[in-house]
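The model shown is predicted, which means the values in this text are computed figures rather than measured ones. Proteins get letters first, then strands, A, B, ... in listed order; numbering begins at 1 in each.
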Amino acid sequence: MPPLARSTSANDWPHAVLNRHDDEHRKPKLRQLAYWNAVTVVVFALLLISGSAWADPKAEMQGLDEQVQEIKSDVLGIAEELRRLEEKLLFPSNTQVAVFVSMPSGNGFRLDSVKLQIDGQPAARHIYSFKELDALEKGGVQRLYTGNVATGAHEIRVEVAGKLASGAEVRGSEAIRFDKAAEPRLIELSLAGSDVGGVRIELGGR
Amino acid sequence: MTRVSPKAIAVIALGVALAVPAAASPLRDLHFGEALFHAHQDEYFDALERLDAEIAQHYRVDEPALDSLIYHIEEAEFSIGDFELHYRMHHRAGRAIRAVLEADVSDSVRNEAAYRLARIHFQKDQPEPALRVLDAMTGEIPVAIRADVAFLRANVYLALGRAAKAIATLGPVQDAESLAGFANYNLGIAMLRDGKPKQAARQLDRAGRVRSGDPATLAIRDKSNLVLGTLLLEAEEFDEAQGFLDRVRLSGPYSNQALLRAGRADLSTGRFERALVPWSVLVERDVTDIAVQEARLALPYAYGKLGVHGRAAVLYGEAVERFDVELQKLDASIQNIRSGDFLEALVREEIRHDKDWVIRLRNLPDAPETFYLVGLMASHDFQTSLQNYLDLDDLRRKLREWHGSLDAFADVIALRRKFYEPRLPEIDRTFRRLDAQVRLRLEQRDHVRERLEGMLVAPRADYLATAEEQGALQALERVAARLERDGSADAAALRARVARLEGLLRFRVETEYHERLTETHEHLRSLEADVATLDARYDAFVRTRQAARQSYVGYGDALADLGARIERNLARIDAVMQRQGRVLETVAIDELEQRRARLTEFQNQARFAYADSYDRAAKAQAQ
C-alpha cells in the first residue's frame with residue numbers, strides 16, 4: 001500500500017486513511033512533543049537567561065496552574081478581609097440586620113419574586129433565575145438583604161409571587177415583627193406553596 | 001487492538017460523580033446555607049469565601065459547641081475541599097481533605113475523605129499516591145461511594161498498567177447502577193490490555209446495550225459500540241463489525257466515526273453500493289469534522305469502485321473546492337489567533353454565559369474558527385489552561401472592582417470623621433456630667449439598700465419616719481431642751497405636753513413600722529427598675545459612642561494593606577495571564593496547523609484522484 005501523502009490513485013484511499021485515522025488522538029501529542037523538543041533546543045539558552053520562557057508546554061501548564069492556585073488563594077484571603085472590613089464599616093453588629101430566603105425541598109413551589117420592606121421602607125426586591133431557584137431547592141440559602149436598624153422593635157413586610165406545582169400563579173404577603181438587640185439579627189424567611197393555595201411565609205427556626 | 005484511552009473514560013465517569021452535595025437536612029446554619037447557595041450555581045469563589053469565613057469564625061468563638069455550624073462542621077469541612085476542587089485549587093483541596101483524614105473522625109468519614117483525596121491525585125495524573133491513599137482505607141466504606149471507590153481503584157490500576165488488578169476490582173461493581181455502561185466499558189478496556197480480546201468484546205457488548213436516558217451513559221454506550229465495531233473491523237470480521245457500528249446513534253457524538261467505519265465495513269466486503277449510504281449521509285454533515293472530510297474522499301472512491309468514474313470525478317472536484325475553503329478558514333483562524341483575537345474573544349462576557357460558547361465564538365466578528373478547536377478544547381490540559389485563563393480574568397475584574405471600593409470606603413471614613421470629630425467632645429462632656437449625677441444617685445440607692453438590709457436584723461423605726469415626722473420630733477426635742485431648765489408650773493405642763501406629742505409620734509412610727517418597711521422595699525424595687533433602664537441607656541450610649549468612633553478610626557492601615565495586596569495581585573495576574581494566554585495561543589495554533597496539514601494532504605489526494613477519475617471517465621466514454 002503506498003503511503004497516503006504520495007497517493008496518486010483514487011483506489012488508494014480507504015485503507016490508508018482509516019489506518020491513519022485510528023491514531024488520531026495520539027498523533028497530535030507526538031507531533032506536539034516533537035515540536036516542543038525542537039523548541040527546547042532552540043530556545044534553551046534564552047530559557048537560562050530570561051527564566052520566563054518555557055521548554056515543555058505540559059510543564060509550563062502545570063507551573064502556571066500552581067501559580068494560578070496561589071493567586072486564587074491570595075485573592076480569597078483579600079475577599080475575606082474585605083468582607084470583614086465592609087461588615088465592620090457598613091453593617092456594624094449593633095445595627096446589622098440580614099434577611100435570608102430558603103425553600104423547603106420537594107414542595108414544588110416555583111418562586112418568581114420577593115419584595116421586602118423594613119418598617120415601611122423598601123429594602124430589597126429580587127426576581128429569581130432558574131439557577132437561583134435550583135440552588136434554593138437543593139438546600140441553599142439566599143442572603144436577600146443586609147442593612148442597619150436601631151435596637152428595639154421593628155417590622156418586616158414580605159411580598160412573594162410564584163407558581164404552585166399545579167401551575168397556578170399565587171401571591172402572598174406577611175408582616176413579621178422582630179426585635180433588634182446589640183448582636184447582629186439574622187432573619188430567615190422560609191417560602192413555600194401552601195396546600196390550600198397561596199404562599200406560606202414562615203420564619204425559619206434556625 | 002483498540003487505541004481508546006481508558007483514562008479518558010475514567011474522567012468522564014468521575015465527572016458524573018463530582019456533584020456538590022445537597023445540604024443535609026435540616027440545615028441549621030444560615031451562612032453554610034449561603035455558601036451552598038453559591039456552590040449550587042457554580043459560583044465557587046463566593047462559596048469558598050463565605051464558607052472559609054464561617055469555619056474560621058466557628059473555631060474562633062469561645063464555645064464552638066454553641067455555634068450553629070457545629071451541626072454541619074464535618075459536612076462543611078468536606079464541602080470546603082469539594083468547592084476547592086471545583087474551583088481547581090487542588091493543593092488546598094488536598095490539604096482540606098488531609099485535615100479531615102487526620103482528625104478524630106469515624107471510619108466512614110475518614111474513608112470518604114480518603115476517596116476524595118485519591119480522586120484528586122488521580123485527576124492530577126498521580127496514580128501512585130492515589131493508590132497509596134486507597135490502600136490506606138480501613139473499616140467501613142459508606143455505601144454511597146462503595147462502587148465509586150472500586151471504580152476509581154480500577155482506573156488507578158489501569159493508569160499504572162496493572163490491567164489484571166483492574167479486572168479483579170471492576171468485576172464486583174460491573175452491575176452498579178451509578179456506573180451503568182462505564183464499568184463495563186472500562187472492564188472491556190482492561191481485558192483488552194490484559195490480552196483477553198474475547199472477554200473484552202463481551203464486556204463492550206454489554207456496555208453497548210445499556211439502557212439509560214442519561215446523555216453521558218448514552219455516549220459511553222455509543223463509544224463501546226464504536227470501539228467494538230472498530231476492533232472487529234481491524235480483525236476483518238466485517239459483518240460482525242457492521243452490527244455494532246449500526247448500534248451507534250445517528251445523533252450522538254460518535255455518529256460520524258461510526259458512519260465512516262460502517263461504510264468501510266461494506267467496502268471491505270465488496271458491497272460498494274451499500275457503502276454509499278452511510279458516506280452520502282456523512283458528507284452532508286459539518287465539514288470541519290475529520291470523519292466528514294474523509295468521507296468527502298471515501299464517497300467518490302466508492303463510486304470509482306462501482307465504475308461510475310464521472311460521478312466520482314465530480315465529487316472529487318467538489319472536495320478539492322471545499323477543502324480549499326476550509327484551508328482558507330484555517331489560515332484566517334491562525335492569523336486571528338496570532339493577532340490576539342482568540343484571547344479577546346474567550347473573555348467576552350456574552351460568550352461565557354452560554355454553555356455552547358465554544359461554538360458561538362465563531363459567530364463573533366474577528367473570532368477564530370473554533371469548530372476546528374472543539375477537540376482540542378475538550379482535552380484536559382487545554383481545559384485546565386483555558387479555565388485558569390478565564391478564572392484569572394474573573395479575579396482581575398474582582399480586584400479592580402474592590403480597588404474602587406477601597407476608595408469609596410476611604411471617602412466614607414473621611415466623611416464620618418468630619419461629622420463626628422467636632423461633635424464628640426461636647427457629647428462626651430455632657431455625658432460625663434450626667435454620668436456623675438447618675439453615680440451619686442446610685443450611691444444613695446446603695447446606702448438605702450444597706451440600711452433596709454440592716455433593719456431586717458435590727459429594726460429601726462426612726463429610719464422610716466417621714467421627713468415631716470422627723471422635723472416634728474426635732475422641733476419637740478428643741479422645745480424640751482429649752483424647757484428643761486425652766487422650773488415653772490407652766491413649763492412642767494408644757495414638758496408633759498411635749499412628751500405626749502413625742503409619744504404620739506413615736507407610737508405612730510412604731511406601729512406603722514411593718515407597713516412602712518414593706519412600702520420602702522416596694523419603692524426600692526421600683527428604683528431598681530429605673531436604675532436598670534438607666535444602665536441600659538448607659539450601655540447603649542457607650543456602644544453608640546464606641547460605634548461612632550469605630551466607624552472612622554483604625555481603618556487606615558487595613559485599607560492601605562488591602563490596597564497594596566490588591567495591586568500586587570493585579571500585577572501577578574497580568575503577568576501570569578500573559579504567559580497563560582501565550583500557551584493557549586501556541587497550543588491552538590499548533591492544533592490548527594495539524595488540521596491544516598491533514599486537510600492539505602486530503603486536498604492533494606482529492607486533486608490526484610480527481611485527475612485519475614476524470615481520465616477513467618473519459619476512457620470509458622471513448623470506449
Side-chain angles (χ1 to χ4, degrees), chain A residues 4-5 7-11 13-14 17-18 21-26 28 31-32 35 52 57-58 60-61 64-69 71-76 78-85 88-89 92 94-95 100 102 105 131-132 134-136 138-143 151 182 186 188 206, chain B residues 3 22-23 25 27-28 30 33-34 36-37 40-41 48-49 52-53 68 87 89 91-92 264 267 290 294 297-298 300-301 304 312 381 384-385 388 391-392 395 398-399 402 409 412 540 543 547 551 555 558 562 565-566 569 572-573 576 579-580 583 587 590-591 594 601 605 608-609 612-613:
Chain A
L4 179 75
S7 172
T8 54
S9 164
N11 293 329
W13 171 76
V17 172
L18 271 180
H21 186 256
D22 288 339
D23 274 347
E24 62 165 319
H25 62 281
R26 286 198 311 187
R31 181 178 166 165
Q32 209 169 303
Y35 171 72
S52 63
K58 194 160 176 77
E60 168 72 359
M61 282 180 181
L64 284 169
D65 189 44
E66 309 264 319
Q67 289 186 47
V68 173
Q69 289 190 52
I71 290 173
K72 284 176 176 175
S73 201
D74 278 3
V75 178
L76 273 169
I78 292 173
E80 280 176 49
E81 204 160 309
L82 201 61
R83 174 173 284 270
R84 273 201 297 274
L85 185 73
K88 200 171 153 195
L89 198 58
N94 62 328
T95 57
F100 295 82
S102 68
S105 62
K131 276 176 89 173
E132 288 170 331
D134 190 45
L136 284 173
K138 285 177 178 165
V141 179
Q142 179 208 12
R143 184 186 284 260
T151 46
L186 308 183
E188 183 197 355
R206 295 172 192 175
Chain B
R3 270 82 169 172
S25 73
L27 189 70
R28 307 276 290 268
L30 288 173
E34 193 187 0
L36 289 177
F37 181 70
H40 288 313
Q41 296 177 74
L48 270 173
E49 188 252 305
D52 268 346
S68 54
Y87 195 48
M89 295 178 73
H91 288 314
R92 270 182 47 156
R264 166 71 200 283
L267 195 81
I290 291 177
E294 290 188 20
L297 295 178
Y301 175 82
D381 285 346
T384 303
S385 293
N388 279 345
D391 287 344
L392 287 172
L395 293 178
K398 283 185 202 298
L399 288 175
W402 295 344
F409 286 163
V412 167
R543 274 198 307 273
S551 71
Y555 293 97
L562 274 171
R565 283 169 67 190
I566 288 174
N569 275 287
R572 276 176 79 192
I573 287 175
V576 175
R579 289 174 62 194
Q580 189 78 69
V583 170
V587 173
D590 192 47
E591 170 75 8
Q594 285 179 55
E601 282 178 10
Q605 279 188 71
F608 286 122
D612 184 60
S613 297

Is [X] in contact with chain A via its backbone, its side chain, both, or neither, using a 4.5 Å heavy-atom distance?
X         : answer
Ile573(B) : both
Tyr87(B)  : both
Ser385(B) : side chain

Once rounded to the nearest 0.5 Å, what's the spacing between atom [atom1] of [X] and atom [atom2] of [Y]?
X        : Y         : atom1 : atom2 : result
Ile78(A) : Leu399(B) : CD1   : CG    : 5.5 Å
Glu34(B) : Leu186(A) : CD    : CG    : 10.0 Å
Asp52(B) : Ser73(A)  : CG    : OG    : 8.5 Å
Gln41(B) : Lys138(A) : CD    : NZ    : 10.0 Å
Leu85(A) : Phe409(B) : CG    : CZ    : 5.5 Å

- Taking Lys72(A), Gln67(A), Lys131(A) one by one, which has the highest count of heavy-atom pairs under 4.5 Å against chain B?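 Among Lys72(A), Gln67(A), Lys131(A), the one with the most close pairs to chain B is Lys72(A).
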- Message: Please rank Thr95(A), Leu136(A), Thr151(A), Asp74(A) by heavy-atom pairs under 4.5 Å with chain B and give me the top one.
- Response: Asp74(A)
- Please report the closest heavy-atom contact between Ala547(B) and Asn94(A), naming both atoms and the distance.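 Reported closest heavy-atom pair: CB-ND2, 3.8 Å.
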Is any side-chain heavy atom of [Y] closer than 4.5 Å to one of [X]?
X        : Y         : answer
Leu76(A) : Arg92(B)  : yes
Phe37(B) : Arg143(A) : no
Leu64(A) : Asn388(B) : no
Met61(A) : Thr384(B) : no

- Query: So, Glu60(A) side chain and Val583(B) main chain: donor-acceptor pair closer than 3.5 Å or not?
  - Reply: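 Side chain of Glu60(A) to backbone of Val583(B), a donor-acceptor pair under 3.5 Å: no, none is there.
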- Task: Could you tell me which residues satisfy salt bridge (charged side-chain N to carboxylate O under 4.0 Å, His left out) with Glu81(A), sequence neighbours excluded, listed by chain and number?
- Result: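 For Glu81(A), the residues satisfying salt bridge (charged side-chain N to carboxylate O under 4.0 Å, His left out) (neighbours in sequence not counted) are Arg565(B).
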